[in-house]
Amino acid sequence: MQSRRWFGGAGFSFADDPVTETLSQAIRGTGEELDREPDTGVLFGSLRGSVVGLRYYTGVVNKGEMVSLVRQPQNPYDRNAVMVANVYGSQVGHIKRELAVLLANIMDNNLARVEGVVPFGVTNQFTMSVVLSFWGREENRDAVVRQITSRSFKLQSGPTGFMCADGSRDLPRKSVLLTAEELKNAFDNLFENLMEDKIGEREAVEAVCTPLLPHQKQALSWMCVSENNAALPHFWEVKGKLFYNTLTHSSVRERPQRVRGGILADDMGLGKTLTTIALILSNFHHGKPLCEPEKSSPEPKASTTARKNPEGKSGDGDQAEVSVAPAGHSPCMRANQAETQVVCVESVDVVQEDVVEDGDKDLVSEKKAKGRPQGGKAKATTTKKAAKTKGKAVSTSRKGGAVLEDLDFAAALSGITQGAPQKKSVGKSVVSPVEAASSQSTDDPAARATLIICPLSVLSNWLDQLDQHVRADVKLNVYLYYGSERNRDTHFLSSQHMVLTTYNVLSADYSGSASPLHTVSWLRVVLDEGHIIRNPNTQQSKAVLKLNTQRRWILTGTPIQNNLRDLWMLVAFLRLKPFDVREWWNRVIQRPVTQGDKTGLQNLQALVKCVTLRRTKTSRVCGRPLVSLPERSVRIEEVELTQKEREEYELAHTEGRTTISRYVAEGTVLRNYADVLAILVRLRQFCCHPGLLGKTTTHTGVVAVTPAELRERLIMKLRLVLGTGSDEECAVCLDSVRLPVITHCAHVYCRPCIAEVIRSEQEQARCPLCRGQIKASELVEFPLEEEEESNLLENWRSSSKVEALMSSLLRLRSEDDSIRSLVVSQFTRFLTILEIPLREEGFKFVRLDGTMSQKRRAQVIQEFQSDAPGSPLIMLLSLKAGGVGINLSAASRVFLMDPAWNPAAEDQCVDRCHRLGQKRDVVITKFIVKGSVEENMVKIQRQKQDLVEKAFGTKNPSERKTSRVDEIRALMEL
DNA sequence: ACCGCCGGGTGCC
DNA sequence: ACCGCCGGGTGCC
């Protein structure tokens, strides 16, 4: 149940309801992905061909392994050449000439995507067999088939000779299709139970003054192991002289690198920031601490912490990182110690070079593997730049210090260990020619700085937390890389322990010419709120992928927000090979999973598991809860309508029932779903306040005939989508909808996004969600409705529910005026209505809804959370405003004004105050109008809950459809 | 490639 | 012999 929050609050029935659902879109998306994603599609068929010229290339392929086909139009021997590469991008050979002509034609005209699988012949020296399958849009099928047959190749239906991901032949294809429910459950559970029991605990170094909770020690231990452990990554086995990947059946000659880092996906409030700070301080090179407080004797301590690493695991000779064994490496260790404490003395730099030489063979080989021939050149550039900026660096670095001082960042300035002179060590480190030399000659081993990237809104949180958790006598160089005056000197940045910046600064730098952040060789990059980069098309995401670092971490409470696709960016950032390449992610994970292939799902789960640690606040360590939270109780307050309200309600109810029962009789409920929904929304609005209906409550039952009517109805639907305060997602940009427009098929997008789709596809333009035809002229915008709003307020009248709330609030205030409340509705207009009586009764309140800018939201939250005298007692909150993770722990009462379809959305909302930091018991009041759809909704909510908990999965799609209709019938008491 | 193809050497049985 | 046949050289695109 917890897990549903992963999807931004969504349930699983009412799958067409744009108002209450975003997950349903995601789930349907899993079916429709095929059409929407340019890199998947319908399978047209497959044919057998051959790969030639194997002996000229080094790429190896295993039986059943997938290969990629790459056009080489520039090939001097044949402009139709099609190159064949293995999963790791090594060339295997070419497609035989005659076949290449065909493929070139299909690929160049974008008629289909061609994917290859090698069924056999992998040990041949000269040629091997390949099964080519063709995927594309249905409308291109004919053209493709024609191309193929006209060149007298035979297209076979189905993926003949295709290898299942588990290595077995699929003739007949035996992938088990999952139902949508199963798929959804699997998604939801993807990140559940990712707590490895065997990870143990690890204490933070002394420099961290806050004692870690047990689960934080576990996380620290896991993170250290993830950074240090040089054992083979998951899914890799040694096979003879090669390394074999069990997921892709591919082999490589070089030892694959483990992902050094991962995704820490703990729930909000479990201390991801603290754990990360502990990691930075505790696990510098070779598992030794970064900084020690004054007079501590680091060496013995270092070795004890080092021994805690499960070094025994690393089967064979990946010596470098694992060899934390104190004996063999003591000079090196000394070096690191010295280096961490004395920021930069010449001797240290010399030793640093030792480290380098001592060093990491695997780093060298990694460089080779990456095949960066211009490595040397790049370094030369750096040198030049360093020389130029040296003079400036001294002064700017002082400035950096000053910034920190201003921020009361005591730790950053108090020099220790080697005595007072170190105060100026920052400046010294920058100018030191020795260091400059050493850090250029070898980039990676010298890397020492951790780069933290976060949204602006949490930047100050990092500074606070550092201040709070790092001992004041620890000398930690932290630089806030922000603002127009930021010090862009890469040597200055490299010499820091930590550099903090925002996604915006990063992408702004990246779009410029020489990005300092991309020049520095980082020890570690941490993406805070890492789900921010889930859309790979953004500048931010691109910038993040280009960072040069040894270790990578993603901190997020919500690794998947809506869609499996969200995960790809995270995987790509971590460089979880080979899935950082889109084709392999799509072929091995995304397409199989979205098509319901069980093996695909298992692979996905395994993949996620090997890089993710996630605990929820209900997880337990050794049978005990991670954190103890105050109680939370729910009471339902039944609201009686006045006689007048009852009459109005019944009128609308009868009318709606007539319409819906006709649909039910005709069996057209699903076809008229939007109308059905509109009727239900209307009834729900009646239950809250008649003013919610506005003037757009034209009758919906009749099929629209005139364009004006159609327009009116679309606007109404748009209002339904947006007016509830839900933060709708645009299926094109995957971000919150900006400048919303609605298509004639009733799907909502950002205007620029959908306009671009129409522009590029011209007459063929189709709705990305339902594939219905769309035209620019038919997009309907949301009209401004300020008049309406004022109208609403002028003709003010109360309602039973308003009264019920007000009497609760007044009673509460008279009993204890320190208790703060959240007043939650799905209808933002209802919040507007509630403002009036609140003002009348002299309540101080703030409001948070989906229409507010991020900046304004932050202000409001801060105001509400502040315990300053005169701060607001009440927050009016739209149900889904702001997504996950907002901290409203100042409130301990929640009034849910209207029931949501999806109980998870309510839970999630309550979680915003029932979270770490909550001191009081939380009391939740749900107002339910007696004898109304609301009552029925609550019943259905309960049934849904049961279903979710039973995790049923055997229903077929047609049964599901009936159950949705049944739900509607139950709601309307038909 | 334990193939096909090319082109030079060769030529009754 | 302007052929066939033999056997060596050779081999992706």
Side-chain angles (χ1 to χ4, degrees), chain A residues 39 44-136 140 143-156 159-163 239-242 244-245 248-254 368-373 578 581-584 586-587:
Chain A
D39 43 17
F44 299 153
S46 56
L47 61 82
R48 172 78 51 82
S50 47
V51 187
V52 294
L54 304 187
R55 61 131 118 202
Y56 300 98
Y57 309 100
T58 54
V60 282
V61 183
N62 290 298
K63 197 167 153 70
E65 187 178 338
M66 304 179 299
V67 287
S68 67
L69 304 168
V70 185
R71 277 284 286 121
Q72 282 186 330
Q74 303 301 331
N75 189 303
Y77 303 95
D78 182 357
R79 57 190 178 83
N80 291 319
V82 177
M83 182 254 260
V84 178
N86 71 9
V87 173
Y88 283 81
S90 310
Q91 180 161 5
V92 175
H94 279 104
I95 292 291
K96 214 172 150 76
R97 219 182 187 110
E98 312 85 80
L99 187 54
V101 187
L102 168 70
L103 294 194
N105 220 305
I106 289 174
M107 291 166 87
D108 294 351
N109 293 313
N110 230 340
L111 295 174
R113 269 182 46 73
V114 191
E115 295 182 351
V117 172
V118 177
F120 52 80
V122 293
T123 50
N124 296 357
Q125 273 185 78
F126 307 99
T127 67
M128 64 170 75
S129 196
V130 64
V131 174
L132 303 169
S133 32
F134 297 82
W135 300 78
N140 288 332
V144 172
V145 172
R146 231 179 301 122
Q147 286 279 344
I148 293 173
T149 44
S150 73
R151 284 169 212 270
S152 58
F153 288 100
K154 271 180 290 178
L155 186 68
Q156 279 151 352
T160 313
F162 180 84
M163 281 289 177
K239 252 196 182 177
K241 287 193 163 183
L242 299 176
Y244 176 73
N245 185 304
T248 61
H249 309 292
S250 59
S251 300
V252 286
R253 290 180 212 278
E254 292 90 30
K368 258 189 213 152
K370 281 183 194 155
R372 257 182 285 151
V581 173
R582 200 59 206 238
E583 175 171 2
W584 309 120
N586 284 339
R587 288 177 65 178

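Being a predicted model, the structure only gives us computed values, none of them experimental. Below, chain A is the first sequence line, B the second, and so on; all start at residue 1.
Distance A/Asn124 CG to B/dG4 P: 14 Å, rounded to the nearest Å. A straight line from CZ of A/Arg55 to C1' of C/dC13 spans 14 Å, rounded to a whole angstrom. Between the OH atom of A/Tyr77 and the P atom of C/dC12 there is a distance of 10 Å, rounded to whole Å. Per the geometry, CD belonging to A/Gln125 stands 17 Å off P belonging to C/dT10, to the nearest Å. Distance A/Gln91 CD to C/dC13 C1': 9 Å, rounded to the nearest Å. Rounded to whole angstrom, the span from the CG atom of A/Leu54 across to the P atom of C/dG11 amounts to 15 Å.
One N or O donor and one acceptor, one from the side chain of A/Asn75 and one from the base of C/dC13, sit under 3.5 Å apart. Within 3.5 Å, no donor on the side chain of A/Tyr56 pairs with an acceptor on the base of C/dC13, nor the reverse.
A distance-only check finds no donor-acceptor pair linking the side chain of A/Asn140 to the backbone of A/Gly136 [under 3.5 Å]. Between the side chain of A/Asn86 and the backbone N or O of A/Val60 there is at least one donor-acceptor pair closer than 3.5 Å. Not a single donor-acceptor pair under 3.5 Å links the side chain of A/Trp135 to the backbone N or O of A/Val114.
Ring-plane geometry between A/His94 and A/Tyr57 is classed as perpendicular, the angle between the planes exceeding 60 degrees on a 0 to 90 degree scale with a lower cut at 30.
Residue A/Ile95 is classed as a sugar-phosphate contact, given heavy-atom separations below 4.0 Å to backbone atoms only.
Here A/Phe126 does not lie in a stacked arrangement on the base of C/dG11, lacking the combination of planes under 30° and ring centres under 5.5 Å apart.
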